[in-house]
Engineer: 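Structure below; questions to follow.
Convention: sequence-line order gives letters A, B, ...; per-chain numbering from 1. Everything numeric in this text was worked out from a predicted model, so none of it was measured. The basis for the numbers below is simple: all heavy atoms, side chains too, and nothing from hydrogens, waters or symmetry mates.
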Amino acid sequence: MKILSDIAALVTGMWITWKHIFRRPVTIQYPEEKRTPYPRYRARIVLTRDPDGGERCVACQLCSGACPVDCITMQSAEDKDGRRYAEWFRINFSRCIFCGFCAEACPTLAIQMTPDFEICKRDIMDLVYEKEDLLIDGCGKSPDYNYYRHAGIGVTQPRGSGAEEKPPVDVRGLLP
Amino acid sequence: MIYDPIDIALLLGKIALVFFVILTLAAYLVFAERKVLAWIQDRKGPNRVGPFGLLQPLADLIKLLTKEDFRPIGADKWLFYLAPAMAAIPAIMIFAIVPFGAPLTLFGHTVQLQVSDLNVGLLLFMALSSVAVYGVALGGWASNSKYALLGSIRGLAQLISYELSMGLSLVPVVMLARSFRLSDIVNAQAGCWFIVYQPLAFMIFLISIAAECKRIPFDLPEAEGELVAGFHTEYSGMRFGLFFVGEYINIIVLGGLATTFFLGGWHGPFLPPAVWFSAKVLAFAFLFIWVRGTLPRLRYDQLMHFGWKILTPLALVNILVTGWWLVLRG
Amino acid sequence: MPKLIIDDITVEVAEGTTVLEAAQAVDIPIPHFCWHPALGKAGACRACAVKMLEGPVKGIQMSCMLPVQDGMVVSTTDPEAVAMRRHIIEWLMINHPHDCPVCDEGGECQLQDFTIAAGHGIRRYSGKKRTHVNQDLGPFIQHEMNRCIQCYRCVRYYQEYAGGTDFGVMGSAGRVYFGRFQDGELESPFSGNLVDICPTGVFTDKTARFRARYWDYEMAPSVCSGCSLGCNTTPVARYRELLKITARKNEAVNGWFICDRGRFSNSAVNDPQRPRTPLVDGRESTRDEALEALALRIAETEQLYGTGSIAIVGSSRLALEAALLLPQLAQLTSAGALCYFTSEEERATTTSHLGLLSGGTSASQQEIRESDCIVVSGCDPLQDAPMLALAVRQAWRDGATVYVVGDGIVLPCEFTAVAAVDAVPLAAAKKPVLICSASCNSDHPAGLLVQHSQLKLAVIFPAANSYGAAQLAGEQGGVSLERAVASGKIKGIISVEADIPAHLLAGIPFVAALDWRMTETVRAAQIFLPTTAWVEMDGTSINNEGRAQRFKKVMNPGLPIRGLDPAGHPPHLHRTVPPGGEAQPAWQTLALLIERVSGEPVTEPFSGRWERLRGLDAGSEGVMIHDL
């Protein structure tokens with residue numbers, strides 16, 4: 001009979017909730033107990049350096065272009081050796097949604113996300129991080145990569161001596 | 001009638017005791033509900049305020065008292081302010097007729113552990129529970145809000161429908177006890193609880209009082225998923241608190257009445273009567289919380305269908321069968 | 001007209017059209033690098049491959065090289081054509097340095113777009129890349145030869161279109177190199193167009209180097225204010241700084257290109273010395289205070305010196321909107337003089353040349369390009385209106401004969417020097433054009449126009465809106481400020497973006513100025529109200545042929561972020577109006593002043609016969625004002 005199966009369903013439900021009353025709660029008491037996030041956890045953003053100690057960021061604006069909440073702004077500038085770098089670089093963490101698009105868009109692996117998720121501040125203006133707050137002394141993930149060794153414009157090495165480059169062409173050569 | 005000062009003092013003492021116990025219990029019932037629901041959902045529940053979170057009700061009270069007392073534009077001022085009182089006061093008044101222990105002898109006076117032993121106690125309960133409907137109706141009407149109005153319309157229909165089956169389910173109890181007086185009903189169960197004779201009436205009464213307290217699965221008047229908070233959407237601060245605490249007072253009071261009508265009131269072996277009574281009431285409260293943690297909300301048409309086409313006819317049939325049985329028994 | 005089918009769409013185009021253009025006519029994109037509408041085809045890049053399914057030719061063909069013929073059935077999506085294009089792109093990318101993040105072309109790069117469109121996302125070739133050494137091409141153009149894909153657009157433009165001789169292609173085989181023979185500034189006054197025309201990042205704008213990306217640009221259709229030609233431009237701004245100016249296509253005016261003077265002249269807008277706050281007697285104040293004081297001083301001056309002691313002065317660089325409100329202001333203040341010109345000579349020559357142009361005798365740049373006989377009479381187009389010289393070259397390339405009257409004139413084409421216009425066989429020409437200047441008062445061409453009915457006239461005026469100023473001066477009976485001051489009656493001057501020489505201001509007790517540049521007049525003014533530069537407002541100007549063109553607001557006025565804190569980042573401040581952002585277009589300030597004096601609000605500068613300019617589309621070819 002339908003009514004019997006209905007009552008059985010009610011009783012089954014009640015029985016399941018009854019059992020759960022005696023289960024160990026899954027709650028983690030946050031400030032006292034903390035769990036270790038995985039290394040690829042997406043939290044506070046940093047700017048890394050290449051293995052030679054130079055700033056990886058070339059201020060190409062891809063991260064700010066990819067950012068869905070427009071929390072990244074920067075101004076690029078040119079150094080004496082022709083290196084493109086960020087004159088200033090600002091991430092507004094009060095807007096950031098930690099989606100990781102910026103890190104994915106970054107062609108030089110400069111912008112990376114760290115597992116440090118505790119970045120609350122009393123004053124919201126303190127959440128506006130400038131380049132000096134973001135730049136770290138380290139390579140973060142991918143420690144061996146130096147963008148300028150691969151992009152053929154010659155900043156870290158003379159033109160034509162990069163990783164996949166031939167020496168510059170002699171335009172006046174006559175050989176075929 | 002002769003008014004003995006000691007009688008009056010005892011009466012005032014009983015009222016004060018009932019007020020204190022009921023309000024404290026209601027506050028802690030909120031806490032207990034949050035805890036039990038948390039356990040059911042594998043959480044820990046409130047545990048920050050005081051040891052094991054025991055001071056949580058106090059914190060809630062302070063919060064509610066210090067909140068802004070908000071009234072929407074276009075709300076009917078007096079009705080808007082009256083409605084929360086209309087919801088809470090009848091609920092607590094019903095407890096006046098509930099006997100919560102065996103009569104005691106104090107200072108040479110026999111003290112009924114009951115504020116007032118009316119000979120029409122059961123009828124008074126029916127009347128007061130009807131008055132409580134006005135709290136819902138006025139709150140929703142006076143708020144000048146579509147959510148509140150929809151909630152109160154649902155509430156009215158639901159409360160009136162289930163009041164009928166609730167009243168009908170109590171007729172066999174009166175027939176068995178041959179009295180409307182609640183102390184008589186309790187005494188009639190000294191041997192055997194009415195739940196044994198009337199399991200069907202008990203089930204109908206249980207379902208109906210769940211609907212009367214607007215508890216899940218009958219919480220359509222507040223249905224937060226669809227109506228924000230139903231009839232008390234526009235209330236804040238302590239006015240919302242009155243609606244809220246009224247609901248939990250209702251649970252205690254209706255649990256007390258169910259105990260009185262079907263579970264033998266304060267009767268029970270070994271333990272003192274008041275303890276038996278409290279244990280039974282708390283068991284009801286736990287049942288309500290447990291059901292809330294388990295069942296989903298009914299649809300409106302299911303609610304009406306169940307009330308009018310199942311519960312009410314069943315209660316009528318139950319009266320007929322009980323009457324027939326009483327006649328046969330002689 | 002041949003009819004063909006491209007991707008199941010039937011197209012009918014004119015004889016001689018290529019398949020690529022026919023496809024573009026129905027919005028079917030075909031990748032291309034070497035083909036450019038202004039330069040034509042070269043067949044150098046092979047990126048526009050399509051498959052011909054039916055018709056006179058079959059198989060894979062280069063769509064830019066193939067003239068349409070009846071019965072062709074073309075597929076751009078055929079697997080064979082798609083594969084061909086993918087392989088071509090992959091091959092073009094073999095030597096590419098993959099430095100898009102540090103390339104200024106990134107984001108607006110045709111090579112990027114077509115590489116991604118062709119599906120070549122990952123480099124498969126593991127061999128080494130060819131490299132080149134760059135050249136220093138001067139302060140305007142940055143050279144990065146590694147990015148080159150040998151489409152030959154630059155050299156075709158520079159040598160053929162613009163007539164430059166110092167830039168070319170050298171080397172052979174895989175060593176082809178585009179540059180100068182040795183380092184040095186590019187000599188052509190049209191070299192900036194290399195930036196626009198290069199489909200990748202070999203030539204980029206050095207003045208805007210590393211300033212912004214395409215998706216952050218603030219852009220709007222605009223009109224160059226450099227000379228009277230009114231070439232169409234798209235200025236690019238970011239962070240309240242005018243970064244660069246790019247050419248915008250307008251077939252009737254400048255075609256696809258602009259001159260270097262127009263392209264690299266953004267310093268006035270970004271000038272940190274630009275006056276940006278209202279001043280009353282040298283004290284900073286709000287706009288309302290300044291307007292209040294202005295209205296009060298006007299009344300005082302009139303009380304003191306009698307009515308007619310105020311001169312309202314506009315200028316030939318003032319936008320039409322403000323110029324149209326000046327008569328209203330002059331009437332309300334019962335001004336003694338309404339001046340659109342400061343110098344009497346400029347007023348006289350401009351007005352008299354304007355008289356020649358009414359009635360459709362003005363030649364547009366397009367008409368010059370299509371002319372068969374051009375006379376340059378007593379003026380130097382390369383100096384005063386460079387794009388005219390480029391137009392003359394295009395006519396010459398198409399076989400026109402060019403005559404020059406006068407000495408020391410250089411043109412980017414061959415020409416015959418003649419002693420006088422009379423020596424030119426104008427009667428034999430079908431579409432002759434005479435180019436003269438309003439400021440060099442040589443032979444007045446009025447007589448010639450009567451003689452030769454087919455002769456068209458291109459007059460070089462001194463400033464961007466000279467035509468509009470002269471038109472209004474003629475309509476409103478405006479005199480020059482020189483004359484007005486000489487009468488001795490003028491005791492107060494309200495200058496609206498006018499450059500008044502110091503000697504005219506010398507004896508004037510009350511001077512008020514509205515301007516966006518720090519001029520002598522602004523320095524001398526007791527009351528100053530800032531106005532917006534042309535990139536900071538919507539406005540209209542009338543070019544040398546009488547063509548009214550709308551320019552749109554590119555950016556908000558205000559101090560550029562670049563100048564705010566040179567040491568570090570912009571300040572952490574919330575504000576609704578940027579520092580120095582109080583400036584508003586001159587006509588709006590004038591409207592407020594008129595409202596203050598008369599009590600009636602002015603919401604629309606265009607009224608009467610000018611009403612048709614209200615909804616003028618900045619993307620259109622403009623409206624000839626003698627049609628109004």
Side-chain angles (χ1 to χ4, degrees), chain A residues 56-62 64-66 70 73-79 82-90 92 105-108 110 123-132 147-148 150-155 158-176, chain C residues 94-104 106-107 123 125-135 142 144-147 169-179 181 201 206 209-217 238-239 241 560-562 564-574:
Chain A
R56 267 183 177 156
C57 177
V58 297
C60 68
Q61 323 245 7
L62 276 178
S64 63
D70 282 352
T73 39
M74 75 196 74
Q75 180 60 60
S76 41
E78 190 174 10
D79 218 346
R83 190 188 191 97
R84 184 175 163 138
Y85 73 103
E87 193 175 28
W88 50 269
F89 190 106
R90 172 182 288 182
N92 185 348
C106 186
T108 64
D123 182 2
I124 199 161
M125 288 309 276
D126 294 344
L127 282 170
V128 179
Y129 276 43
E130 298 294 345
K131 190 170 129 182
E132 57 267 28
Y147 168 78
Y148 280 109
H150 299 273
I153 54 157
V155 167
R159 274 183 91 79
S161 55
E164 298 101 13
E165 287 178 351
K166 292 181 203 156
V169 163
D170 175 16
V171 190
R172 293 178 174 83
L174 289 174
L175 290 171
Chain C
I94 273 181
N95 287 312
H96 194 83
H98 295 80
D99 59 347
C100 301
V102 294
C103 173
D104 263 339
R123 182 178 167 85
Y125 177 68
S126 57
K128 297 207 164 205
K129 298 172 188 171
R130 177 200 59 217
T131 58
H132 284 289
V133 176
N134 297 332
Q135 286 181 334
Q142 178 77 30
E144 177 50 70
M145 212 22 231
N146 285 358
R147 298 171 186 146
V169 55
M170 48 198 119
S172 65
R175 301 186 298 266
V176 171
Y177 187 88
F178 297 87
F181 188 68
K206 209 181 233 176
R209 184 157 164 81
F210 295 167
R211 295 304 297 166
R213 282 269 177 241
Y214 186 75
W215 52 80
D216 288 328
Y217 287 175
R238 184 167 180 253
Y239 292 149
E241 180 187 354
I561 282 184
R562 188 183 209 174
L564 286 184
D565 184 2
H569 47 75
H572 288 196
L573 276 176
H574 287 304

Engineer: Can A/Tyr148 and A/Arg84 be said to form a side-chain contact (heavy atoms from CB on, under 4.5 Å), step by step?
Structural biologist: CA-CA 10 Å; A/Tyr148 280 109; A/Arg84 184 175 163 138; 3.8 Å; yes
Engineer: Relative to chain A, which of C/Val133, C/Asp104, C/Asn146 shows the most heavy atom pairs under 4.5 Å?
Structural biologist: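 With the most close heavy-atom pairs to chain A, the winner is C/Asn146.
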Engineer: Go through C/Tyr217 and C/Arg238 one step at a time and tell me if the side-chain contact (heavy atoms from CB on, under 4.5 Å) criterion holds.
Structural biologist: CA-CA 6 Å; C/Tyr217 287 175; C/Arg238 184 167 180 253; 5.6 Å; no
Engineer: Relative to chain A, which segment of C/Arg211 carries a heavy atom at a distance below 4.5 Å: side chain, backbone, both, or neither?
Structural biologist: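 Its backbone and side chain both get close to chain A.
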Engineer: Please state whether the side chain, the backbone, both or neither of C/Asn95 comes within less than 4.5 Å of a heavy atom of chain A.
Structural biologist: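 No part of it gets close to chain A.
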Engineer: What part of C/His98 gets within 4.5 angstrom of chain A, counting heavy atoms only: side chain, backbone, both, or neither?
Structural biologist: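 Answer is backbone: N, CA, C or O of C/His98 sit under 4.5 Å from chain A.
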Engineer: Between A/Glu130 and chain C, with a heavy-atom cut-off of 4.5 Å, which part of the residue counts as in contact: side chain, backbone, both or neither?
Structural biologist: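 Side chain of A/Glu130 only, per the 4.5 Å heavy-atom cut-off to chain C.
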Engineer: Does the side chain of A/Trp88 come within less than 4.5 Å of A/Thr73's, by heavy atoms?
Structural biologist: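 They are in contact (side-chain heavy atoms under 4.5 Å apart), so the answer is yes.
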Engineer: Given that the side chain runs from C-beta out, which part of C/Tyr125 has a heavy atom under 4.5 Å from chain A: side chain, backbone, both or neither?
Structural biologist: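 Neither part.
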Engineer: Within this structure, what is the CD-NZ distance for the pair A/Glu78 and C/Lys206, rounded to the nearest 0.5 Å?
Structural biologist: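 Reported to 0.5 Å precision, the distance equals 8.5 Å.
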Engineer: May I have the step-by-step check of side-chain contact (heavy atoms from CB on, under 4.5 Å) for A/Glu164 and C/Arg123, ending in yes or no?
Structural biologist: CA-CA 12 Å; A/Glu164 298 101 13; C/Arg123 182 178 167 85; 5.6 Å; no
Engineer: Top residue by heavy-atom pair count (under 4.5 Å) with chain C, among A/Arg159, A/Lys166, A/Glu165?
Structural biologist: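 Sorted descending by pairs with chain C, the first entry is A/Arg159.
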Engineer: Checking A/Val171 now: which residues fulfil side-chain contact (heavy atoms from CB on, under 4.5 Å) with it, not counting sequence neighbours?
Structural biologist: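 Testing A/Val171 for side-chain contact (heavy atoms from CB on, under 4.5 Å), a comparison that skips the adjacent residues, returns C/Met170, C/Tyr177.
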Engineer: Looking at A/Val155, A/Asp170, A/Val58, which makes the most heavy-atom pairs under 4.5 Å with chain C?
Structural biologist: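 Of the options given, most contacts go to A/Val58.
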Engineer: Checking heavy atoms, do the side chain of A/Tyr147, its backbone, both or neither come under 4.5 Å from chain C?
Structural biologist: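 For A/Tyr147, side-chain heavy atoms alone lie under 4.5 Å from chain C.
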Engineer: Measuring heavy-atom distances to chain C, does A/Ala163 have an atom under 4.5 Å in its side chain, in its backbone, in both, or in neither?
Structural biologist: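 Only the backbone of A/Ala163 comes within 4.5 Å of chain C.
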Engineer: Among C/Arg130, C/Glu144, C/His96, which residue has the highest count of heavy-atom pairs closer than 4.5 Å to chain A?
Structural biologist: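 Option with the top pair count is C/Glu144.
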Engineer: With chain A as the partner, which of C/Pro101, C/Ser126, C/Cys100 has the greatest number of non-hydrogen pairs under 4.5 Å?
Structural biologist: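 Among C/Pro101, C/Ser126, C/Cys100, the one with the most close pairs to chain A is C/Pro101.
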Engineer: Under the criterion side-chain contact (heavy atoms from CB on, under 4.5 Å), I'd like the reasoning laid out for A/Glu87 against C/Phe210: C-alpha separation, chi angles, the key distance, then a yes or no.
Structural biologist: CA-CA 10 Å; A/Glu87 193 175 28; C/Phe210 295 167; over 6 Å; no
Engineer: Please say whether more than 12 non-hydrogen atoms of neighbouring residues, nucleotides or ligands are located less than 6.0 Å from CD1 in A/Ile124.
Structural biologist: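 Atom CD1 in A/Ile124 is not packed in, count stays at 12 or less.
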